[in-house]
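Remarks on the structure that follows.
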Protein chains: 2
Amino acid sequence: MPQASERSRQSDSRGAKTALFDEFARLAQALANGRRLEIVDVLANGERTVERLAAETGLSVANASQHLQVLREVGLVRRRRDGTRIYYELRDAEVFDLWRNLRSVAAQHRAEVSQLADAYLGARDSLEPVTRVELLRRLKRGEDVVVVDVRPAEEFAAGHLPPAISIPLAELRRRLRELPRDKEVVAYCRGPYCAFAHKAVRMLQQAGFRARRLEDGLPEWKAAGLPVIAMAQRRS
Amino acid sequence: MPQASERSRQSDSRGAKTALFDEFARLAQALANGRRLEIVDVLANGERTVERLAAETGLSVANASQHLQVLREVGLVRRRRDGTRIYYELRDAEVFDLWRNLRSVAAQHRAEVSQLADAYLGARDSLEPVTRVELLRRLKRGEDVVVVDVRPAEEFAAGHLPPAISIPLAELRRRLRELPRDKEVVAYCRGPYCAFAHKAVRMLQQAGFRARRLEDGLPEWKAAGLPVIAMAQRRS
DNA sequence: CTAGTATTCAAGTAATCGATTAAAGACTTG
DNA sequence: CAAGTCTTTAATCGATTACTTGAATACTAG
């Protein structure tokens with residue numbers, strides 16, 4: 001944006017309008033990077049240190065830190081210090097709404113997105129995912145459903161569905177015996193573009209379980225105003 | 001984004017995730033420019049030709065066209081041809097939601113935005129704006145309110161509040177006599193970051209009218225599911 | 001205070017972006 | 001089909017972006 005700074009400096013009416021809309025654009029600019037969006041998607045599940053974010057997104061620590069500065073400058077995330085490490089989190093629920101709105105529009109209007117989603121998440125679900133409403137109804141009726149949170153244990157601790165048990169995807173294979181074969185297993189993770197639950201359901205189905213995926217993840221559940229349980233916070 | 005294209009080309013799991021989130025980012029990228037956001041804001045009020053958009057945003061026609069291609073490539077706008085000219089419009093209501101969400105987050109978290117908004121729109125309203133709910137209540141009660149749409153006549157024709165009369169800002173000064181002095185005048189335009197209604201209210205107040213601004217514009221009214229009247233379409 | 005860990009900053013480089021200008025396309029009208 | 005209008009494309013150039021590497025900063029523990 002070559003002239004942007006020049007035009008923004010003006011103070012007449014057009015210049016003021018330009019400057020105002022450039023400011024809105026700066027926010028979009030902060031979201032205009034796939035790695036930053038991955039970071040936002042992870043942070044929607046709870047705060048993280050720079051190092052963990054870097055590990056989860058496959059970025060170098062320095063690079064992750066730089067991305068976090070970009071998000072911080074526009075107010076999308078905030079941080080708190082705990083001893084030598086720094087935890088980042090989304091500024092508030094509206095930031096998550098924005099990310100959800102963005103990906104929703106992208107998914108609706110861009111064929112590329114659903115193709116790439118299939119490529120990443122695996123082919124379409126063999127079974128329809130369970131909707132939030134359906135899950136709630138079945139839980140209330142006392143039907144036989146087991147809800148499994150397959151995210152890392154830390155995220156389960158930061159907040160999870162009330163009836164859920166925690167079996168991180170990495171541990172699922174060796175903890176299959178903890179799951180009942182006479183009930184349906186419903187797995188969830190970080191959201192519709194997180195691969196954990198997809199993988200978990202495939203693994204469970206191959207092992208002979210009746211398993212389905214919750215339509216989306218914990219952040220969406222929380223955003224829908226449904227109850228979430230958090231465990232006692234760990235401070236280093 | 002130097003490596004983006006390389007990484008996107010991979011087909012392993014990380015590469016697939018990278019490609020997927022890069023695709024989301026492409027949408028944000030399209031919004032990451034102040035001029036394109038101005039275009040979106042105008043288009044929320046109805047379709048426009050390239051030439052008109054260029055005039056309204058102060059861009060050259062070629063430049064406006066290029067921005068429109070960017071928006072079109074990601075599916076934010078679509079176009080229809082009418083003889084020699086081409087009309088662009090927002091793809092659907094969700095695109096407007098996204099823009100609104102973006103500017104809402106920006107306004108909430110960034111002090112710069114409200115400063116720049118004041119600089120562009122003039123100091124804070126001397127009177128609180130009228131909320132949609134309040135206006136509806138007063139209209140239903142038959143209280144004395146006159147609603148004025150101060151946008152260009154074309155936009156009024158494309159859709160307006162049922163009780164509104166059209167007096168484009170440019171004509172307001174010489175059409176003051178059409179407005180009653182014993183009623184309150186409520187002016188609206190394109191939205192909270194459009195200067196028309198602000199200017200109209202200042203002009204009216206200086207001319208001795210009781211005038212206030214509707215809290216935001218027609219697109220938000222429509223998005224709230226409230227009734228909108230459109231006049232017969234003009235085809236070239 | 002020193003060593004150690006976590007995070008941020010700074011410099012360098014390849015890729016991308018945005019505006020201008022000029023030329024080419026697309027369609028209508030005579 | 002030729003002239004005219006509206007729109008798009010191509011080429012160019014300065015500015016910005018993202019990642020890497022290496023060094024600086026901030027804090028804790030001993």
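Numbered from 1 within each chain, the chains take letters A, B, ... in sequence-line order.
When A:I167, A:D149, A:L161, A:I229 are each tested for a side-chain contact (heavy atoms from CB on, under 4.5 Å) with A:F156, only one passes: A:D149. Evaluated for a side-chain contact (heavy atoms from CB on, under 4.5 Å) with A:T57, the options A:H67, A:R35, A:E38 yield exactly one hit, A:E38.
Nearest nucleotide to the B:V61 side chain, out of C:dT7, C:dT20, D:dT7: D:dT7. The side chain of A:T84 lies closest to C:dA6, out of D:dC19, C:dA6, C:dA19. When distances run from any side-chain atom of A:A62 to the nucleotides C:dC9, C:dG18, C:dT21, the shortest one goes to C:dC9. Here the nucleotide nearest the side chain of A:Q29, chosen from D:dT8, D:dT17, C:dG18, is D:dT17. Here the side chain of B:V50 is nearest to one of C:dT20, D:dT7, C:dT7, namely D:dT7. Here the side chain of B:N33 is nearest to one of C:dG18, C:dT21, D:dT7, namely C:dG18. For A:Q69, counting side-chain heavy atoms from C-beta on, the closest listed nucleotide (C:dT20, D:dA18, C:dC9) is C:dC9.
Each of A:R81 and A:Q66 lies near DNA chain D, and the nucleotide nearest A:Q66 is the one positioned closer to the 5' end. In this structure, A:R36 and B:T49 both approach DNA chain D, and ranking their closest nucleotides by distance from the 5' end singles out B:T49.
Ring planes of B:F24 and B:F21: perpendicular class, angle over 60° (limits at 30 and 60°).
By the neighbour-count criterion of 12 heavy atoms within 6.0 Å, atom CZ of A:R173 is sparsely surrounded, having that number or fewer from other residues, nucleotides or ligands.
When rounded to the nearest whole Å, the span between CG of B:L37 and C1' of C:dC17 equals 15 Å. If you measure from atom NE2 of B:H67 to atom P of D:dT7, you get 16 Å, rounded to the nearest angstrom. Distance, B:Y88 OH to D:dC6 P: 15 Å, rounded to whole Å. Per the geometry, CG belonging to B:N63 stands 16 Å off P belonging to D:dA10, to the nearest Å. In this structure, A:L68 atom CG and D:dC19 atom P are separated by 12 Å, rounded to whole Å.
B:A64 comes within 4.0 angstrom of nothing in the nucleic acid, heavy atoms only. When heavy atoms are screened at a 4.0 angstrom cut-off, B:R79 is found touching the sugar-phosphate backbone but no base atom.
With hydrogens and angles ignored, the 3.5 Å screen pairs no side-chain donor or acceptor of A:Y88 with any backbone N or O of A:L71.
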